[in-house]
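Predicted model only: the values in this text are computed from it and were never measured. So you know, we letter chains A, B, ... as the sequences are listed, proteins then strands, and number each from 1.
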There are 2 protein chains.
Amino acid sequence: MATIGDIIVAAAINIITALVFLIAFGILRLQPVNDRVYFPKWYIKGLRTTPTASATYVRKFVNLDYRSYLKFFNWVPHALSMPQSELIDHAGLDSAVYLRIYLLGLKVFVPIFFFTWTILIPVNWTNNTLQQSKETYSQIDKLSISNIPHASPRFWAHVAMAYVVMIWTCFMLKKEYETVANMRFYFLQCEKHRPDQFTVLVKNVPTDDHESVSEIVDNFFIVNHHDNYLTHQVVCNANKLAKLVKKKQKKQNWLDYYQIKYSKKPSKRPMMKTGFLGLRGEKVDAIDFHKTEIEKLSNEVAEERKNVMNNPKCIMPVAFVSFKTRWGAAVCAQTQQARNPTLWLTEWAPEPRDVYWKNLSIPYVSLTVRRVIIGVAFFFLTFFYMIPIAFVQSLANIQGIEKVVPFLKPIINIKLIKSFVQGFLPGIVLKIFLMLLPKILMMMSKFEGFLSISRLERRCASRYYLFKFFNVFLGSIIAGAAFEQLNTFLNQPANKIPEIIGIAIPMKATFFITYIMVDGWSGTAGEILQLKHLVIYHLKNVLLVKTERDRERAMNPGSIGFNTGEPQIQFYFLIGLVYAVVTPLLLPFILVFFALAFVVYRHQVINVYNPKYESRAAFWPDIHGRVITALIISQILLMGLLSTKHAAASTPVLLALPVLTIGFHIYCKGRFEPAFTRYPLQEAINKDTLDRVTGPSLNLKGYLQNAYIHPNFKDDATDHDDGTDIIPTKRHARSLSGQAQSLSGPASDRGDHSGKA
Amino acid sequence: MATIGDIIVAAAINIITALVFLIAFGILRLQPVNDRVYFPKWYIKGLRTTPTASATYVRKFVNLDYRSYLKFFNWVPHALSMPQSELIDHAGLDSAVYLRIYLLGLKVFVPIFFFTWTILIPVNWTNNTLQQSKETYSQIDKLSISNIPHASPRFWAHVAMAYVVMIWTCFMLKKEYETVANMRFYFLQCEKHRPDQFTVLVKNVPTDDHESVSEIVDNFFIVNHHDNYLTHQVVCNANKLAKLVKKKQKKQNWLDYYQIKYSKKPSKRPMMKTGFLGLRGEKVDAIDFHKTEIEKLSNEVAEERKNVMNNPKCIMPVAFVSFKTRWGAAVCAQTQQARNPTLWLTEWAPEPRDVYWKNLSIPYVSLTVRRVIIGVAFFFLTFFYMIPIAFVQSLANIQGIEKVVPFLKPIINIKLIKSFVQGFLPGIVLKIFLMLLPKILMMMSKFEGFLSISRLERRCASRYYLFKFFNVFLGSIIAGAAFEQLNTFLNQPANKIPEIIGIAIPMKATFFITYIMVDGWSGTAGEILQLKHLVIYHLKNVLLVKTERDRERAMNPGSIGFNTGEPQIQFYFLIGLVYAVVTPLLLPFILVFFALAFVVYRHQVINVYNPKYESRAAFWPDIHGRVITALIISQILLMGLLSTKHAAASTPVLLALPVLTIGFHIYCKGRFEPAFTRYPLQEAINKDTLDRVTGPSLNLKGYLQNAYIHPNFKDDATDHDDGTDIIPTKRHARSLSGQAQSLSGPASDRGDHSGKA
């Protein structure tokens, strides 16, 4: 078991690593040549451009102003100074709310930290159970619940603290849920015209041999939503077209590459081989070859486009139906249309850029089958993923490599390389799997048939969290792969499981402290450095960039990565809540993580990330639900732990905790969740009226006619504008942010405020 | 263990009992004096009246026509001959669909019976495992799975049969779900104007000091449902008034009683004592006393009525809001109205007579708390009900009685009485508890805050089923009270539990066969005799009945008793599915139950029961869900059983069964359940259009103005008409039944049929 000394060493190492990352970032971000890596958001918004030619050549790449280096950390106040309303305006509601998760972590754990340190640490410390026992122990254990003798009345302090933790966490969760719900309503209320406010996605339109999908949709909605129906757009199956366009894009990139190569060395025309990976086959002039290829593809694309437009078989039984008012759309989205509930399924249309086009044509029965398949597959992935890994690991040994590539034999047999391969290969296989895991989960969610990218990411996040819970949290505590745990769960009595885990928990505190420092501290500091993007950008810059537009395309701002980032935060909530009562020593480490991550991600959101979609904080119920889950898990484990400590009297008192927590969750679910899944008619009417009174009369039909067009039907040129025509471009949209500042005040529940606006 | 001989004896006893009941019923039903006990439904519908004076005096009471006695069982063809469409017309959709549960039982188990008897019985019989083992066994066990040697390949026959059972059951369930959903739609489509088609129940109206609830509701709906809103009715808190009215009613009954007594013996005016239970106090003239009392109460009622009407504090934040069209009501019922999802909660209004008025004023937060409390209470009721029972039993012994009522001592000490008391008292305490259980569950559901009687009954039914599952099914199998089981569940590994139950199952087959015969055969035959109602009716007839109207009020047709009847049927589904593969011998006993119960309840529905409400088969999703649950339980138990038989190879094949069943359930839930919870806009528009085209123009506002008035505000005289103005009174409403016959054919899913009508 680690001593305090070990922890200090580990902390020192990780603090130094984090500092190195931060300093490296501090230096690199000042270099103009890296500007597009560290401030892409501003370029995308058109508020920053490549340094003009007026500067000297060197200054275009390196920052020579020594004074700027003195303020290594002045990005921190910069990141923190932007007020929330401006942040929403600048980066969208999703990002602003995402940052609130870190804030929530601080709000939850700072008071818990003070409470537990002032009460539990003295209570734990002033015993000498561990000294009397003959087992080895560390100073850390002296601060934990392990130091309390069996059946001591002091356990009541821990039970009381468990109540304090529950009450405080629930209180903060409720407050935050309320705030986010109000932010969401306010955001919706302030938004300009957006196609998804008027549009409903209608799935499973029944088909007919005599009528086209478009006619069927028209007839149906004219009858059933007579007063509100405006127009609709059918959806074409453009998956083949998308493939062709992508292929053309690739060829175009190669053409660019060769043209740049040629322009740098005009003496020699670049040549290439047409065969496998450019290694075999005939040698041809690369530029000419690609030009003809692109021309061929352009024709194919045009033909396919025409085909998709005219072939009724390419029209999918799906339509985006638009209404004259938000009220009409809200009614249609929330009601059942037809007697057969698997036909005419309606839901709010996602934003145009949020639509996941490929899944629009999956029929209803298939969806159930897919859901069951993925459920089973995920179960096996979680509990048995070690089996294929172990299999691949057994293949990836020296003998295996020798068999597959016999000519490498002499090299491998060199002792140094041999030991390297033997030592690292198995670990690398596992590492690669874990790196691929989010991608695998995303593929699973895509297969399951969700229709918007935001929902795909949310689903991935839940699955990733589950995976982490079983394989990292429980896996670290009861030490064993998940399928061994499964074996334990099935073969142990139900009331023994919390005990088994409960006993192990205090012993694993040091492991989790180290985990927090490596993954949480160094990892977060590494995130701000954006090393991967830095390298790729500069590579692209050298190889591909010709014009300003190319440089823009080489820029990869990335996004916040909800599907992996959120489960990570939740994991810290879990550890924090589990250890709050057991080993309060762990809390400051979590606090440092939350504080650091808040600053880092706030900087990233402001300067780097470019969100792919705006779901208007639709993910908050998930966040809330997972924190509640973590709370309940911590309560059950505490019960298990205390039952091994012969503190049986506390069990009934502890039993009330999860019951109360579940009750709180039911309450919150009813009280706040609808704000994230439905659009109240009152709000819709208010917004409609507001529009009629204040706004200029808009040609809504013209506006909505082409809003939901498959991206491949638009001109390539408009690709990049997708983002900008949806998020307000001007940083200081005063009219919006001015009102938005009132958000922090208590918003009226009955919407009177917005009603009078 | 019981032998075949034992079973035959038990069967003989129960068949004789059942026959005695049926013959007694055959005789009693022919006596005109019992007419109102055995045919109240026809009286309520006004299609049968008390025999006229033209008959001789004796014939008014006793049937002397010997020929009619020869046809003891001619009620059976009578009961079966009424076609379903007429039955719906006559007794309502709820009753007709309820009968289909018995039919479903027959449809599921008849083919399973043939399959298992032709395949499994020979497979089981042609072994001699039991002969070789030294344990005692019966011939019944020879026919069961117990007779198959360990690890025999013959188990594959059972696995295959489990698949057959699953596929057939799911197939029938799906077909039935579809039929019932179509019946429901057809019924809705054919109904005349009914207030609940246009009305939405709005709960949690926000209150305001300056405006009345009525004004607030008006303003809100005029703004948010401008085109559709028609009118509304606020709800008064008339609980106190209801109490007064009930009290007055009681006094009135006594007055009637004394007046009859007086009219029979005009020589002596009846006297009574005013004190406790009429045993103590001053002696007064009973008729005068009650007359003054009633007058006093009438004044109080009138005052309270005025008070309720005028006092704004008695107006609850609840309203019945009516719309101009069904479309408008459907929109309002299915959407969220206000930003705060706990205000302006809308749901379809129940029928006026289905409303449970007392619960209308429970606020939202309280609902969550109540739900949690009842959840916990039900858990304790299910698993620990034996504790208070045992406590009461320990009190209810000879010593206890002697202490409480010492003057009984000499009587109790007589040996015969002593042994009687000692032998029966504990059993009686348990029996009383079990008789009270449905009432207790109903109280729990009422406390939970459901707003309609139909939902209360449905909730009770689920709870009663759960209770029966744990305490009767599992309790009989692993022999022990539920809290001992709970102990087993907690202290045994999860995979051991199905094994423990699995081993015990074949051994308990004879117990369940006896159970089916006693509870199912004799119990059902007893139901048709209506002994309790018969006695009570004749008592009332002698003591209270003065006029024809009194006789009408003495009649108690009862209702189908969904909250206890449905769990009973489900219990047979459970036993049948569990034993289908294990001991097929049990199936014919279940078939007899289903067939007998179908005939008996069809007779009762046609002639006796008068349903309290019409929920339009809203209970079917529960039925479906519980059969699915039974199927899954049977599959898990089979897995447990086979794993003890060393047939491990079959486990993976069996594991697929519950997964497939759950998949099927998810599919059905999505495909059919919305038909029972929502009203599709297409249907609403169709019906609206139909009304406009065919129906005479109705003054909807006038019609709806007083539809939802608290029953105590109506005149007492209208009490009895409640039923009749809602169910069509004429038996042969040809217009309806003629169309309804087409129901059995496959109805169009897209509602085109009704659209063209």
Side-chain angles (χ1 to χ4, degrees), chain A residues 181-182 185 206 220 223-227 327 330-332 334-344 364-365 367-369 371-372 375-376 489-496 659-660 662-664 666-667 670-675 678-685 689 748-751 754-755, chain B residues 181-182 185 206 220 223-227 327 330-332 334-344 364-365 367-369 371-372 375-376 489-496 659-660 662-664 666-667 670-675 678-685 689 748-751 754-755:
Chain A
N182 284 331
F185 277 123
F220 184 85
V223 170
N224 292 304
H225 292 268
H226 183 251
D227 299 331
W327 190 89
V331 162
C332 181
Q334 293 176 59
T335 49
Q336 189 186 328
Q337 308 307 312
R339 177 191 278 206
N340 181 339
T342 60
L343 296 179
W344 298 105
Y364 186 81
V365 179
L367 275 183
T368 317
V369 176
R371 211 188 296 172
V372 173
V376 172
F489 296 152
L490 287 178
N491 287 305
Q492 292 291 331
N495 61 350
K496 284 273 176 283
V659 174
L660 289 174
I662 290 170
F664 169 77
I666 295 173
Y667 165 76
R671 172 69 184 77
F672 299 112
E673 204 181 292
R678 299 186 198 171
Y679 191 44
L681 296 186
Q682 195 183 23
E683 293 285 305
I685 279 265
T689 318
S748 157
D749 265 345
R750 285 170 52 203
S754 42
Chain B
N182 284 331
F185 277 124
F220 185 85
V223 171
N224 292 303
H225 292 270
H226 183 251
D227 299 332
W327 190 90
V331 162
C332 182
Q334 294 176 57
T335 50
Q336 189 185 331
Q337 308 306 313
R339 177 191 278 203
N340 181 340
T342 61
L343 296 179
W344 298 106
Y364 186 81
V365 179
L367 275 183
T368 317
V369 176
R371 211 187 296 171
V372 173
V376 173
F489 295 153
L490 288 177
N491 286 305
Q492 291 292 331
N495 61 351
K496 284 274 176 281
V659 174
L660 289 174
I662 291 170
F664 170 77
I666 296 174
Y667 164 76
R671 173 69 184 78
F672 299 112
E673 204 180 293
R678 300 187 199 169
Y679 191 44
L681 296 187
Q682 195 184 23
E683 294 284 307
I685 279 264
T689 318
S748 157
D749 265 344
R750 284 170 51 203
S754 41

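- Between chain A and the options B:Leu681, B:Asp227, B:Leu660, heavy-atom pairs under 4.5 Å are most frequent for B:Leu681.
- Ranked by heavy-atom pairs under 4.5 Å with chain B, the first of A:Phe185, A:Phe220, A:Trp327 is A:Phe185.
- Chain A forms the most heavy-atom pairs under 4.5 Å with one residue out of B:Arg678, B:Gln334, B:Gln336, and that residue is B:Gln336.
- Interface remark: of the candidates A:Thr689, A:Asn224, A:Val223, A:Asn224 forms the most heavy-atom pairs closer than 4.5 Å to chain B.
- Of the listed residues (A:Ile662, A:Ile685, A:Val372, A:Val376), the greatest number of heavy-atom pairs within a distance under 4.5 Å of chain B belongs to A:Ile685.
- Not one N or O on the side chain of B:Glu673 forms a donor-acceptor pair closer than 3.5 Å with the backbone of B:Arg671.
- Interface remark: B:Tyr679 contributes backbone atoms only to the contact with chain A (heavy atom separation under 4.5 Å).
- Nearest heavy-atom pair, B:Gln682 versus A:Arg339, reported as atom, atom and distance to 0.1 Å: OE1-N, 3.7 Å.
- With rounding to the nearest 0.5 Å, the separation of CG in A:Asn340 from CG in B:Asn182 is 9.5 Å.
- Using a 4.5 Å cut-off between heavy atoms, B:Ala181 makes no contact with chain A at all.
- Taking each heavy atom of B:Gln337 and A:Pro680 in turn, the nearest pair found is O-CB, 3.4 Å.
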